[in-house]
Amino acid sequence: MSAPPAPRTVPPPGTPLPATTAPAPRPAVDWRIRFVALSLIWGFSFLLIKVGTDGYAPFQVTFGRLLFGTAVLAVAMAVRRERLPRSGRTWGHLFVAAFFLNALPFSLFAYAELTIPSTLAGICNATSPLWGMALSLVALSEDRPTRRRVAGLGLGFIGVLTVLGAWQGFSGLDLSGTAMALLASLSYPIGWIYLRRTLSGTGSSALAMTGSQLFLATLQLAVVTPLFTSLPDSVPLLPTLSVIALGALGTGLALLIQYGLVTEIGPTTAQMVTYFIPVIATAAGVALLDEPLSWNTPVGALIVLVGAALTQSRARARPVPSSTGSGETAAQP
């Protein structure tokens, strides 16, 4: 899934730019169709996580997701003849980024959905730009607060309290599961800020950096998963297909679509997909999993999205320091 800190005004470094002597080839599929497809893929990811945890332990779901996602990006890198980063320093920073942007949030969402509905997990994911704005004010000197952005931050967290039913004392809500989902959303901007501080201008493409990052996250889960889980007694069909789809589509293919959109229409427009994810996640959970829906959930989600949009606003466009492009345009679920 997965909302960024402030939108950038330039594509991620390493993104191939159109040649000056010839126009870039026109994509076979219109960007609007790909935008809708990405919204649907990431919106349904929370449902796939929920179904996957019906047959597998959360760490196993996350490991499978990363494994199949890495496989898709590896194929794309081979087709495009992308080169892996060569610097040991780069790999070290990518290892940390892989933890905060992939291994940790993916695992937290999987554990959270053992006890909370996929609808709530999808809405918690939408709080990522709120966390990002709050953290960037402290960690990034170029992100200065404005009245509108501060108002958006406050409004967004009012929306969170509305979703959680704070006036009812959070009655009927699993606090540990909800806390894990919110921590997963917090993990994304921590990873983005780390990338912006450590891996600006590496010269590698966004695809090569993200493929390497996912590979390292897969290695992390390959170590952790056997320590905390045992082999399943069976291979249930539906949870297995859900994990495969979550990795191949919700992680691998989704990232390829995202980077294509960033290159074609820019990060500011491409990151708007973030605001459709909780709507689709809620609709999928209610329609396909029969999850309950009370009035405060959609109302609170709308308030969260308005607040998140305000935190991304700018009085005027200005350049910001570049980063690797490894997931900064939108929060993956």
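For clarity, every value in this text was computed on a predicted model and none was experimentally measured.
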Would you say CZ of F95 has more than 12 non-hydrogen atoms from neighbouring residues, nucleotides or ligands within 6.0 angstrom? no
When rounded to the nearest 0.5 angstrom, what distance separates CG in L175 from CD1 in I116? 11.0 Å
Between CG of L40 and CD1 of I277, what distance do you get to the nearest 0.5 Å? 10.5 Å
Checking side-chain polar atoms at under 3.5 Å, does Y56 have a donor or acceptor matched by the opposite partner on T229? no
Centroid-centroid under 6.0 Å between Y188 and F100 rings: no
For T115, is there any backbone N or O sitting under 3.5 Å from a side-chain donor or acceptor partner on D174? no
Validation: residues 278-289 side-chain donor-acceptor distances under 3.5 Å, sequence neighbours left out:
from : atom 1 : to   : atom 2 : distance (Å)
T282 : OG1    : P278 : O      : 2.8

d(R65 CZ, L246 CG) to nearest 0.5 Å is 4.5 Å
Nearest 0.5 angstrom please: T240 OG1 to Q60 CD, how far? 10.5 Å
S185 side-chain N/O to A181 backbone N/O, donor-acceptor pair under 3.5 Å: yes
Side-chain touch V224/F63, heavy atoms, less than 4.5 angstrom: no
With sequence neighbours left out, what residues match F35 under ring pair (Phe, Tyr, Trp, His ring centres under 6.0 Å)? F276
Taken in chain and number order and not counting sequence neighbours, the residues that satisfy ring pair (Phe, Tyr, Trp, His ring centres under 6.0 Å) with F215 are none
Could you tell me how the ring of Y111 sits relative to the ring of F59: parallel (under 30°), tilted (30 to 60°) or perpendicular (over 60°)? perpendicular
With a 4.5 Å heavy-atom cut-off, do L256 and V72 have their side chains touching? yes
Is there side-chain contact between T90 and M209, with heavy atoms separated by less than 4.5 Å? yes
For residues S118 and E113, is any side-chain donor paired with an opposing acceptor at under 3.5 Å? no
Check: Q258 and W42 side chains under 4.5 Å, non-hydrogen atoms: yes
Can you confirm whether the side chains of S87 and W91 place a donor and an acceptor under 3.5 Å from each other? no
With a 4.5 Å limit on heavy-atom distance, are the side chains of E291 and K50 in contact? yes
Are S107 and P58 close enough that some pair of their side-chain heavy atoms sits under 4.5 Å apart? no
Would a 4.5 Å heavy-atom cut-off, applied to side chains only, mark L214 and L255 as touching? yes
Steps toward side chain to side chain donor-acceptor pair (under 3.5 Å) verdict (T210, Y259): CA-CA 10 Å; T210 304; Y259 291 133; 2.6 Å; yes
L195 versus Q213: any side-chain heavy-atom pair under 4.5 Å? yes
